[in-house]
Amino acid sequence: MAAVAIHQFAQCITCHAWSPDQSMVAFCPNNHEVHIYKLFGEKWERVHLLQKHDQIVSGIDWSIRSNKIVTVSHDRNSYVWNQEASEWVPTLVILRLNRAALCVQWSPKENKFAVGSGAKTVCICYYEKENNWWVSKLIRKKHNSSVTSVAWHPNNILLATTSTDGKCRVFSTFIKGVDSRESGASSSSNLKFGEQIAQLDLSFTWAFGVSWSPSGNTLAYAGHNSMIYFIEDVGSSPSAQNVALRDLPLRDILFVSEKLVIGVGFDCNPMVFTADETGLWSFVKFLDEKKIAPSSSKYGSQFSEAFGKLYGQSKPAINSDTVESSRPRGGAHENCISCIVPLRKPGDTIVRRFSTSGLDGKVVIWELDNSI
């Protein structure tokens with residue numbers, strides 16, 4: 001079972017992030033502000049209020065090593081916040097977008113961050129010491145719709161994206177002068193900036209949430225058709241597996257280990273997926289429930305072999321037609337979970353604690369025990 005700590009902050013939380021020592025949490029209460037709370041005893045108190053954006057803040061990420069906060073907003077701007085004494089000082093990032101910025105994530109080495117947008121564009125941002133500002137290089141003309149989420153490969157070069165055009169893509173973000181040839185696999189560091197490595201056409205609906213395994217050998221993303229997709233060995237000899245969900249779609253995904261994934265979304269309850277010795281992924285349980293879903297439930301998996309940059313259709317699913325009544329709603333979260341954040345320290349490869357936030361205004365801390 002998972003130990004849960006619940007904190008009610010606002011009516012609706014669009015995104016959240018934790019400080020490196022996990023003593024403070026930053027979140028957006030569905031407006032243009034970023035609130036930073038700290039726990040004093042048993043009570044959470046607001047210690048900082050970041051006000052620079054003009055519209056809803058849609059993405060936050062707090063770097064573990066450098067203690068910097070990056071925010072993006074529907075106002076098409078991004079700021080990197082540095083703590084100076086007791087104040088947070090913003091630095092404007094030049095994104096050059098004509099539509100809303102929707103998501104953001106620091107790279108593993110924290111020398112870059114990626115911004116997905118409604119302009120069908122991904123911005124790769126880095127710091128120029130000569131000019132003392134943050135600039136961006138754009139990956140254009142690759143997406144056919146808004147970019148909903150981004151995820152960095154552990155090698156700090158490859159970037160996976162999902163989009164409302166129903167596709168998941170993998171790009172090279174190698175920037176001369178920022179990345180070194182030794183920073184990742186030789187095949188990755190030899191690729192040009194913006195070069196597309198793979199395009200995954202497994203979903204015919206909006207795609208939300210994407211994540212790499214700790215080794216970078218497996219990529220997972222979710223479709224709005226209540227499916228989650230697992231792709232092994234992206235770029236070399238890929239194979240794809242689909243897991244069909246019984247109920248509502250996922251919005252975000254997190255690898256907590258090489259063979260264990262947590263998915264969150266409209267079911268208001270984190271879902272656990274595992275891979276067996278043969279590599280077959282399957283749904284295991286809801287974290288808020290003790291009962292494990294029976295094998296006859298309408299959760300199934302399917303494989304598809306895929307080669308090159310375009311992935312093909314899956315083979316017919318091996319699913320049972322048994323229909324079960326829907327799982328009762330309610331629990332730690334009472335509305336859609338939109339964000340999942342690992343609570344790890346530098347160097348950790350296995351995540352035992354993570355937090356979720358959603359439209360119910362709660363931030364929930366989960367701790368996995370040894371039974372999962």
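Below, each value reflects all heavy atoms present in this structure, side chains not excepted, and no hydrogens, waters or symmetry copies. All residue numbers in this chain count up from 1 along the given sequence.
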Ring pair (Phe, Tyr, Trp, His ring centres under 6.0 Å) between Phe273 and Trp281: does it pass, once the steps are laid out? CA-CA 7 Å; Phe273 300 87; Trp281 286 90; 8.0 Å; no
Begin from the C-alpha positions of Asp252 and Leu250 and carry the test side chain to side chain contact (heavy atoms under 4.5 Å, CB included) through to its verdict. CA-CA 6 Å; Asp252 205 0; Leu250 300 175; over 6 Å; no
List the steps and the verdict of side-chain hydrogen bond (donor to acceptor under 3.5 Å, both in side chains) for Thr148 and Thr162. CA-CA 6 Å; Thr148 56; Thr162 55; 2.8 Å; yes
Using the rule given for side-chain hydrogen bond (donor to acceptor under 3.5 Å, both in side chains), can you reason through Gln199 versus Asp201, listing the C-alpha separation, both sets of side-chain angles and the distance that settles it, and then say yes or no? CA-CA 6 Å; Gln199 177 174 296; Asp201 294 332; 3.2 Å; yes
Might you work through the side-chain hydrogen bond (donor to acceptor under 3.5 Å, both in side chains) test for Lys167 and Ser203, ending with a clear yes or no? CA-CA 6 Å; Lys167 296 177 176 59; Ser203 175; over 6 Å; no
Using the rule given for side chain to side chain contact (heavy atoms under 4.5 Å, CB included), can you reason through Asp288 versus Trp366, listing the C-alpha separation, both sets of side-chain angles and the distance that settles it, and then say yes or no? CA-CA 10 Å; Asp288 259 2; Trp366 305 80; 3.4 Å; yes
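Within 6.0 Å of CZ on Arg96 lie more than 12 heavy atoms contributed by other residues, nucleotides or ligands. Counting heavy-atom neighbours within 6.0 Å of Glu87 CD, excluding the residue itself, gives a total of 12 or less. For Gln8, the CD atom counts as densely surrounded, since its 6.0 Å shell holds more than 12 non-hydrogen atoms of other residues, nucleotides or ligands. A 6.0 Å sphere centred on NZ of Lys362 holds more than 12 heavy atoms belonging to other residues, nucleotides or ligands. In this structure, Lys52 places its NZ atom where only 12 or fewer heavy-atom neighbours from other residues, nucleotides or ligands lie under 6.0 Å away.
With salt bridges taken as basic N to acidic carboxylate O contacts below 4.0 Å, none links Lys68 and Glu110. Between Lys112 and Asp179 there is a salt bridge, with a side-chain nitrogen of the basic residue lying less than 4.0 Å from a carboxylate oxygen of the acidic one.
Leu158 is not connected to Phe113 by any chain of hydrophobic side-chain contacts under 4.5 Å among Ile, Leu, Val, Met, Phe, Trp and Tyr, and they are in different clusters. Linking Ile, Leu, Val, Met, Phe, Trp and Tyr residues whenever their side-chain heavy atoms come within less than 4.5 Å places Ile60 and Leu92 in a single cluster. Connection of Met227 to Trp206 is not established within any shared hydrophobic cluster, with ILVMFWY side chains joined at heavy-atom distances below 4.5 Å, either directly or through further cluster members. By the rule that hydrophobic residues join a cluster once side-chain heavy atoms approach within less than 4.5 Å of another member, Val363 and Leu343 end up as members of one cluster.
Contact between Val150 and Gln105 at its shortest, heavy atoms only, is O-NE2, 3.7 Å.
Under the 3.5 Å distance criterion, the side-chain polar atoms of Glu45 are left unmatched by any main-chain donor or acceptor of Leu39. Between the Thr278 side chain and the Asp276 main chain, no donor and acceptor come within less than 3.5 Å of each other.
Ring centers of His333 and Phe266: at least 6.0 Å apart, outside the cut-off. Aromatic pair His53/Tyr79: centroids less than 6.0 angstrom apart. Under the 6.0 Å cut-off for aromatic ring centres, Tyr37 and Trp44 do not qualify, their centroids lying 6.0 Å or more apart.
No option in Trp81, Trp88, Phe27 other than Trp88 meets the ring-ring contact (aromatic ring centres under 6.0 Å, His included) test with Trp62.
A cation-pi contact links Lys137 to Phe193, judged by a cut-off of 6.0 Å to the six-membered ring centre and 45° from its axis.
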